[in-house]
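Down below is the structure, laid out as structure tokens.
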Protein chains: 2
Amino acid sequence: MIEEGYAAVSSRRVATGAGVNVGLVYYYFATMDDLFIALFRRGAERSLERQAEVLSSPQPLWGLWDLTHQQSDPAVTMEFIALANHRKAIKSEIADYSRRFRAMQVEVMTRVLPGYGLDPEQWPASSIMVMMTGISRFLLIEDAFELDTGHAETVALIEGRIASLEGPRGSAGTHGATEPAPLTF
Amino acid sequence: MIEEGYAAVSSRRVATGAGVNVGLVYYYFATMDDLFIALFRRGAERSLERQAEVLSSPQPLWGLWDLTHQQSDPAVTMEFIALANHRKAIKSEIADYSRRFRAMQVEVMTRVLPGYGLDPEQWPASSIMVMMTGISRFLLIEDAFELDTGHAETVALIEGRIASLEGPRGSAGTHGATEPAPLTF
DNA sequence: GTCTATACCGAGATAGAC
DNA sequence: GTCTATCTCGGTATAGAC
């Protein structure tokens, strides 16, 4: 899927890769869509766990930011999104999990951000999450195309804001900046 | 391609859709990749023209922001990105055009943003473009999945910043805010 | 330039033996 | 559970007549 795209994932190739017969693939997964959904679900569950971990850390913003840059292979994500464009079952599966990811983020951030001196009226937790996620995903996609115009500057800018809110990366406990950070995310 | 994904685009179906014979498709496009590249190029050229237009308007920030929300069908974009993951020729085609889009944006913004009172050290034009593009693309993708948590808030936030720099949407000439806008993008 | 005809392959999926 | 065998379809691509 990563190397050749979802269209290259066939029952025959899965069988061969597993050292097994084609019929057996259909014994476990009635259709190829079922197989894709099982694959997605397994990955999503793992990611949910990892997100829960970093969100419960002393520096959830740093945790989330770093998580995107490490974990998520943008290629496989793009494949699933493309798949979802024309397979309803997969689309709703992705939508369900995305809601859970977002809900978990917003729940934590709504509690944490005011302590950082961020006015929730001006900087709603949900917006912070949408913007942060959008930007980091976009950076990864561009990376895959070897596009990097403005990337270093953007990373520096975002990480500067995170640091002003949570203190330097890895310095657990020093967050809750003494001088209320400028409201500039 | 939009309805069923790139994998559903076959020489046979293209031929049928065009009311023409399969052989003729291969007469014009030696391989299906050539056809995809031609398709992408045509769309990209049109988009480049539209971008040039809005960038030369009196409110280039508003123009760019609105352009993403109107024009770009995220579905077809996703399909091309997925395609690019495993077809080198398409990948480099997309990369080339992306560089041209970004270069055009940065060129204009580097001239324009200082006049808005934005310090280029703190807010490099390239970063503004990366962030704005990333966020608006992300919003569109989520929309396709009927996810809208935080969307309204984020749009309000971004549009508020644009308005503080360029004045209200559509009010050409009133930009260059009289009171230097707070440096908060 | 457009068509007919065809070669060849791999896809999804099922039946039925073991 | 696992395999063999097979059906049916649609994919890419080409040769060659018109």
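These numbers come from the heavy atoms of this one structure, side chains and all, not from hydrogens, waters or symmetry mates. From a predicted model like this one, the values you see are computed outputs, not experimental measurements.
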For the helix from C/dG1-D/dC18 to C/dC18-D/dG1, what is the angle between the axes at its two ends, each from 5 pairs, rounded to 10°?
->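 The end axes of the helix from C/dG1-D/dC18 to C/dC18-D/dG1 are about 0° apart, to the nearest 10°.
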N/O donor-acceptor pair under 3.5 Å between [X] side chain and [Y] backbone:
{"X": "A/Gln59", "Y": "A/Gly170", "answer": "yes"}
{"X": "A/Glu166", "Y": "A/Leu61", "answer": "yes"}
{"X": "B/Thr133", "Y": "B/Val130", "answer": "no"}
{"X": "B/Gln51", "Y": "B/Phe101", "answer": "yes"}

Shortest non-hydrogen contact from A/Val25 toward A/Ser11 |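 Looking at all heavy atoms of both residues, the closest pair is CG2-O, 3.9 Å.
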Of all the heavy-atom pairs spanning A/Met129 and A/Leu64, show the shortest one and how long it is.
->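 Smallest heavy-atom distance, with atoms named: SD-CD1, 3.4 Å.
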Any Lys/Arg nitrogen of A/Lys91 or B/Glu146 sitting under 4.0 Å from an Asp/Glu carboxylate oxygen of the other?
->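 B/Glu146 and A/Lys91: not salt-bridged.
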Between A/Glu45 and A/Arg41, is there a salt bridge with N-O shorter than 4.0 Å?
->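 No, this pair does not count.
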Residues in side-chain contact (heavy atoms from CB on, under 4.5 Å) with A/Thr16, at least two apart?
->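 For A/Thr16, no residue satisfies side-chain contact (heavy atoms from CB on, under 4.5 Å) once neighbours in sequence are set aside.
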Aromatic centroids of B/His86 and B/Tyr6 separated by under 6.0 Å =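 Yes, close enough.
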What are the residues of residues 18-32 of chain A, sorted by number, that bring a heavy atom to within less than 4.0 Å of DNA chain C?
->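 Contacts with DNA chain C under 4.0 Å: A/Tyr26, A/Thr31, A/Met32.
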Residue-level proximity of residues 2-15 of chain A to DNA chain C when a heavy atom falls under 4.0 Å =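 Close to the strand are A/Val9, A/Ser10, A/Ser11, A/Arg12, A/Arg13.
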Does NZ or CZ of B/Arg161 come closer than 6.0 Å to the centre of the six-membered ring of B/Trp123, within 45° of the ring's axis?
->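 Not satisfied by the 6.0 Å and 45° rule.
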Where does the chain B footprint on DNA chain C start and end, counting 5' to 3' with a 4.0 Å heavy-atom cut-off?
->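 Footprint of chain B along DNA chain C, 5' to 3': C/dG1 to C/dT4.
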Going by the ring pair (Phe, Tyr, Trp, His ring centres under 6.0 Å) test, which pairs reach into residues 32-67 of chain B, not counting sequence neighbours?
->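 Counting only pairs at least two positions apart or across chains, the ring pair (Phe, Tyr, Trp, His ring centres under 6.0 Å) contacts touching residues 32-67 of chain B are B/Phe40-B/Phe80, B/Phe40-B/Tyr97, B/Trp65-B/His69.
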